[in-house]
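Shown next, in structure tokens, is the structure this report addresses.
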Amino acid sequence: MEQKKIIDEIEYYMAQRLTELLYQNKLISFDEYDKLTELNRRTFSPLYADLLPKTLDKSSVQS
């Protein structure tokens with residue numbers, strides 16, 4: 001795996017983790033969480049982005 005892909009994976013993980021923490025702490029709404037998740041995927045192009053669901057089910061996200 002080339003270095004740029006590895007960096008993208010790390011940055012995606014950090015951005016998505018921050019997004020999850022914001023949602024869990026009720027600092028953003030579920031709609032904002034969903035939009036940020038999509039933006040994270042487009043921005044960082046994680047290796048397995050095609051396998052990730054397009055939108056998230058509210059029942060699968062911890063509140």
Side-chain angles (χ1 to χ4, degrees):
M1 186 181 295
E2 64 185 71
Q3 188 173 2
K4 172 71 172 126
K5 284 289 188 185
I6 294 170
I7 291 170
D8 281 349
E9 287 293 317
I10 293 168
E11 290 177 340
Y12 169 76
Y13 175 80
M14 291 186 325
Q16 192 58 32
R17 184 67 185 128
L18 180 58
T19 300
E20 291 168 5
L21 288 171
L22 289 170
Y23 180 69
Q24 288 172 358
N25 288 298
K26 299 180 182 355
L27 297 172
I28 60 174
S29 69
F30 181 79
D31 290 335
E32 292 169 316
Y33 172 85
D34 214 25
K35 289 176 185 175
L36 280 171
T37 296
E38 178 61 30
L39 182 60
N40 290 340
R41 291 177 187 171
R42 282 186 284 141
T43 302
F44 301 111
S45 302
L47 187 59
Y48 300 108
D50 294 338
L51 301 177
L52 299 170
K54 295 296 181 205
T55 59
L56 300 176
D57 179 11
K58 287 183 182 181
S59 63
S60 67
V61 178
Q62 293 178 343
S63 47

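Keep in mind that what you see is a predicted model, and the values were worked out from it rather than measured.
Linking Ile, Leu, Val, Met, Phe, Trp and Tyr residues whenever their side-chain heavy atoms come within less than 4.5 Å leaves Leu21 and Tyr23 in two separate clusters. Taken together through direct or relayed side-chain contacts under 4.5 Å among Ile, Leu, Val, Met, Phe, Trp and Tyr, Leu22 and Phe30 form part of one hydrophobic cluster.
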Inset, instruction - Kindly indicate, with the supporting measurements, whether the criterion side chain to side chain contact (heavy atoms under 4.5 Å, CB included) is fulfilled by Tyr33 and Thr19. - result: CA-CA 6 Å; Tyr33 172 85; Thr19 300; 3.5 Å; yes
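Here the CG atom belonging to Leu39 is positioned 12.5 Å from the CD atom belonging to Glu32, to the nearest 0.5 angstrom. Taken from CD1 in Ile28 to CG in Asp34, the straight-line distance is 10.0 Å, to the nearest 0.5 Å. Taken to the nearest 0.5 Å, the NZ atom of Lys4 stands 11.0 Å off from the CD atom of Glu9.
Electrostatic pairing of Asp31 and Lys35 does not count as a salt bridge here, judged by no charged N lying under 4.0 Å from a carboxylate O. Between Arg42 and Glu38 there is a salt bridge, since a side-chain N of the basic residue sits under 4.0 Å from a carboxylate O of the acidic one. Using a cut-off of 4.0 Å between Lys/Arg side-chain N and Asp/Glu carboxylate O, Arg17 and Glu20 are scored as salt-bridged.
A pairwise comparison of heavy atoms in Phe44 and Ala15 identifies CE1-CB, 3.5 Å as the closest pair. Closest approach of Asn40 to Tyr12, counting heavy atoms only: O-CD1, 3.7 Å.
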